[in-house]
Undergrad: 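Encoded as C-alpha cells, here's the structure I'll be asking about.
Computed from heavy atoms alone, side chains included, the values below leave out hydrogens, waters and symmetry copies.
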Amino acid sequence: MITPILLCGGSGTRLWPLSRKSYPKQFVPLVGETTLFQASALRLSGAGFAAPMVLTNSDFRFIVTEQLAEAGIDPGAILIEPAGRNTAPAVLAAALWLRARDPEGLMLVAPSDHVVPDAAAFRAAVAAAEPAARAGQLVTFGIKPDRAETGYGYLELDGDPGDFTPQVIGLKRFVEKPDLATAEDMLASGQFLWNAGIFLFSVKAIIAAFEAHAPDLMAPVQGAVDKGEPDLGFLRLDPDAWDGAADISIDYAVMERADNLAVVPYAGGWSDLGGWDAVWRESGPDGDGIVTQGRATAIECRNSLLRSEDDGLEVVGIGLKDVIAVAMPDAVLVADASRAQDVKQAVSALKAQSARQAEAFPKDHRPWGWFESLVVGERFQVKRIHVHPGAALSLQSHHHRSEHWIVVEGTAKVTVDDSIQLVSENQSVYIPLGAVHRMENPGKVPMVLIEVQTGSYLGEDDIIRYEDIYARK
C-alpha cells in the first residue's frame, strides 16, 4: 500500500485576505466546490492507497478531521507538530511513525494546497513511479512547464522526456527559482520541469537517506515521535525533542545530496496556487480575461479577477484592466495583477499595525463549529455561533461578561449552573455573569444561535473551563 502523507501547515500570506494564518488556503474552496485539502485527499485515495496521514499543527487539527469527514475519507494518523520546522522534519517524522507499522510500505508526500484537475492522470504518474520507489529510488514528480515561470524551482532531467508520458527518468539536479532569462532558456531546452514538491519513496529508502545526508535530524525527530502523546486520536509530537530539529526543507536536507534520485514527468494540469494570478488562471477566464466569484460584476473590464466572499457585499468593477479585487466581510484587497506576488507585503504592513485582519479569519473555527462577530461595541458584542450536530462547547464561566443566547436554527441543550433545558428556535436564555454554563447540539442538524455579550471585558481569554470533550485547557 502507498500511504499518502499530506503536509498541512502554512501561513497563507500570498492569498490574503481569503487565506490567513488562522485559516490558510488549503482549507478554502478557492477553485471548485471542495477545499484544496479535501481535493488532495480525494486525489490520493482509492485502490492501492492506505488512509492518508496528515501532518499539521494544533490549531488545524479539528479542521482537518472535519474536512476529511465531509469528503467521506477516514484519516490515518494525524501528527501534530509543536512548531513549524519545514518539510524535512515532517517527512522524517512520518517515515519513523510508519516504520513501526508498515516498514515495507511506500509513502507519497504531497502538499495539501495544490490544484491537480485530472486526478486519474496523476494517479497514473504515481503508478509509473512505484516500481522505482520499491527498488529504493527517491522519486520526485516534475511538471511540464508551459511558460517561463520565475516563481518555481526546477528539475533538470538526465534523459529524454519524449512526449512527457509518465516514465521514470534520471534526475541531474535541482535548480533554484531562476531569473526570467534563465527560465526562458530552460523552457526552450525541454530538459527542465517545475519542481512540484511531491515525492514517492519507500520508508526504508527515505530513512536511510536521512541517516546518510541529514543525521542531525534523526535523534530529535525520533525522540519527538517516541515521546509523542496520544490526544483524542491525534499524536502530539514531543515539543522538547522537536525543538532540537533544524528548520530545513527536504530538498536541502536530502534530495539535493542524494544519488538515488529519479523523476516522473507529469504533463497534466497543476498549480500550487501561489498567488491571485494563479487563482485567476486556474478559474478559467472568459474571452475578456474576466473571472468573477460570488456577488461580483464586471462591466467593460479585461484580464481581471473580481471576487466577493460575502453574500451581502456586492463587488462591481467598471473599466478595470489587470486588476485583482477580493472582498471579505472585514478586509478588501485591490491590486495590480502584476503585483500578485507582493500581497504578502500587505500582510506584513497590517501586522506592523497590529491589525487583526493580518492573520485572523472573520470566522473563528473551533472543534465544535465556528463563530463570527457581527457587531462589536465598547461594552457589548453580537456573535453568530454555529454548532455541529452532536457537538458541545466546554463547561465554562466568565469573570467579566454575561450572555444572552437566542436560538435561530435547531435546538440547543443549555446548562446554567444546576439547570438543564432545551431551547428551541425563537427561544432565548440568559447566562448571568459568573454562571457555570454550556451549550450543546443534541440534534441531527446544525444549531445556530445569536449571542449578545455585555460586560467590561469581552476577550476570548475570559474563559474558565471545567470540562471539555476536546481536551482543551
Side-chain angles (χ1 to χ4, degrees), residues 10-20 23-40 43 111-119 143-153 177 180 183-184 187 194 196-197 266-311 313-329 331-347 357 361:
S11 57
T13 55
R14 289 185 291 175
L15 288 174
W16 184 91
L18 186 55
S19 172
R20 309 187 196 181
Y23 203 70
K25 66 177 181 177
Q26 62 263 29
F27 300 124
V28 177
L30 277 160
V31 179
E33 297 299 319
T34 60
T35 69
L36 301 179
F37 171 66
Q38 289 172 320
S40 298
R43 185 166 58 250
S112 61
D113 57 1
H114 290 184
V115 172
V116 183
D118 192 340
I143 309 301
K144 180 184 178 182
D146 58 12
R147 62 187 183 277
E149 175 62 60
T150 61
Y152 299 148
K177 295 176 182 178
L180 182 58
E184 289 172 342
L187 179 64
W194 289 336
Y266 178 69
W270 171 88
S271 174
D272 72 343
L273 288 189
W276 283 113
D277 53 341
V279 175
W280 170 83
R281 192 164 43 244
E282 293 297 321
S283 298
D286 66 14
D288 292 324
I290 298 300
V291 171
T292 58
Q293 175 76 30
R295 307 292 296 187
T297 303
I299 301 173
E300 297 180 8
C301 298
R302 295 186 63 83
N303 301 328
S304 295
L305 169 67
L306 306 179
R307 185 168 180 139
S308 173
E309 296 297 327
D310 187 333
D311 289 340
L313 194 157
E314 296 283 349
V315 174
V316 181
I318 302 175
L320 301 178
K321 182 180 180 181
D322 302 323
V323 167
I324 294 165
V326 181
M328 298 282 291
V332 177
L333 168 71
V334 181
D336 188 291
S338 67
R339 302 289 300 276
Q341 293 300 312
D342 294 331
V343 170
K344 58 188 176 183
Q345 294 181 18
V347 178
Q357 290 89 336
F361 204 68

Undergrad: Go through the structure and list residues passing ring pair (Phe, Tyr, Trp, His ring centres under 6.0 Å) with Phe361, not counting sequence neighbours.
TA: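 For Phe361, the residues satisfying ring pair (Phe, Tyr, Trp, His ring centres under 6.0 Å) (neighbours in sequence not counted) are Tyr23.
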Undergrad: Report, as yes or no, whether the 6.0 Å neighbourhood of atom CG on Asp286 holds more than 12 heavy atoms from other residues, nucleotides or ligands.
TA: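 More than 12 heavy atoms, drawn from other residues, nucleotides or ligands, come within 6.0 Å of this atom.
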Undergrad: Do Trp276 side-chain atoms and Arg339 backbone N/O form a donor-acceptor pair below 3.5 Å?
TA: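 No: the side chain of Trp276 does not pair with the backbone of Arg339.
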Undergrad: Of all the heavy-atom pairs spanning Gln341 and Asp277, show the shortest one and how long it is.
TA: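 Minimum heavy-atom separation between Gln341 and Asp277: NE2-OD1, 3.8 Å.
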Undergrad: Any donor-acceptor pair under 3.5 Å linking the side chain of Ser304 with the backbone of Val323?
TA: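 Yes: the side chain of Ser304 pairs with the backbone of Val323.
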Undergrad: Report the C-alpha separation of Asp310 and Arg295 in whole Å, then their side-chain angles, then the decisive distance to 0.1 Å, and conclude whether the side chain to side chain contact (heavy atoms under 4.5 Å, CB included) test is met.
TA: CA-CA 7 Å; Asp310 187 333; Arg295 307 292 296 187; over 6 Å; no
Undergrad: To the closest 0.5 Å, what do you measure between CD (Gln293) and CG (Leu18)?
TA: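 If I round to the nearest 0.5 Å, the distance is 9.0 Å.
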Undergrad: Quick one: sort the Trp194 and Trp270 rings into parallel, tilted or perpendicular, breaks at 30° and 60°.
TA: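 Rings of Trp194 and Trp270: tilted, 30 to 60°.
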Undergrad: Say whether, by atom type as modelled, one donor and one acceptor occur between the side chain of Ser19 and the main chain of Lys25 under 3.5 angstrom.
TA: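 Such a contact is found between Ser19 side chain and Lys25 backbone.
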Undergrad: Has the side chain of Trp16 got a donor or acceptor atom that lies under 3.5 Å from a matching backbone atom of Gln357?
TA: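 It does hold such a pair.
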Undergrad: So which atom in Gly197 and which in Pro111 form the shortest heavy-atom distance, rounded to 0.1 Å?
TA: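 Of all heavy-atom pairs spanning Gly197 and Pro111, the closest is O-CD, 3.5 Å.
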Undergrad: Quick check against the 3.5 Å criterion: does Ser308 have a side-chain atom that pairs as donor or acceptor with the backbone of Val315?
TA: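 Such a contact is absent between Ser308 side chain and Val315 backbone.
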Undergrad: Please name all residues satisfying salt bridge (Lys or Arg N to Asp or Glu O under 4.0 Å) with Arg14, sequence neighbours left out, ordered by chain then number.
TA: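 In terms of salt bridge (Lys or Arg N to Asp or Glu O under 4.0 Å), with neighbours along the sequence ignored, Arg14 is linked to no residue.
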Undergrad: Would you give the length of the straight line joining atom CG of Leu320 to atom CG of Asp336, rounded to the nearest 0.5 angstrom?
TA: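 Here the interatomic distance stands at 11.0 Å.
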Undergrad: Can you see which heavy atom on Ala119 is nearest to which on Arg43, and at what distance?
TA: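 Here Ala119 and Arg43 meet closest at CB-CG, 3.8 Å.
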Undergrad: Should Leu36 and Val28 be marked as a side chain to side chain contact (heavy atoms under 4.5 Å, CB included) after you check the CA-CA gap, both sets of side-chain angles, and the distance that decides it?
TA: CA-CA 7 Å; Leu36 301 179; Val28 177; over 6 Å; no
Undergrad: Working to the nearest 0.5 angstrom, can you tell me the gap between Thr13 OG1 and Leu15 CG?
TA: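 Going from OG1 on Thr13 over to CG on Leu15, the span is 8.5 Å.
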Undergrad: A side-chain contact here means heavy atoms from C-beta on lying under 4.5 Å apart; do Pro329 and Leu313 qualify?
TA: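 Pro329 vs Leu313: side chains apart.
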Undergrad: Looking at every heavy atom in both Pro117 and Gly269, which two are closest together, and how far apart are they?
TA: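 Heavy atoms only, the tightest pair is CD-O, 3.4 Å.
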Undergrad: List the atom of Glu184, the atom of Ala148, and the distance in Å for their closest heavy-atom pair.
TA: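 Shortest heavy-atom separation between Glu184 and Ala148 comes out as CG-CB, 3.6 Å.
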Undergrad: Which distance, rounded to the nearest 0.5 Å, do you find between the CD1 of Ile324 and the CZ of Arg307?
TA: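 That separation rounds to 11.5 Å.
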Undergrad: Quick check: closest heavy atoms across His114 and Ser40, and the distance to 0.1 Å?
TA: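 For His114 and Ser40, the tightest heavy-atom pair comes out as O-OG, 4.1 Å.
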Undergrad: Quick one: pull up CD in Glu314 and CG in Leu306 and give me the separation to the nearest 0.5 Å.
TA: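 Result: 11.5 Å between the selected atoms.
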Undergrad: Rounded to the nearest 0.5 Å, what separation is found between the CD atom of Glu33 and the OG1 atom of Thr35?
TA: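 Going from the CD atom of Glu33 to the OG1 atom of Thr35 covers 11.5 Å.
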Undergrad: Would a distance-only check, ignoring hydrogens and angles, find a side-chain to backbone donor-acceptor pair under 3.5 Å from Ser283 to Arg281?
TA: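 Checked: no pair found.
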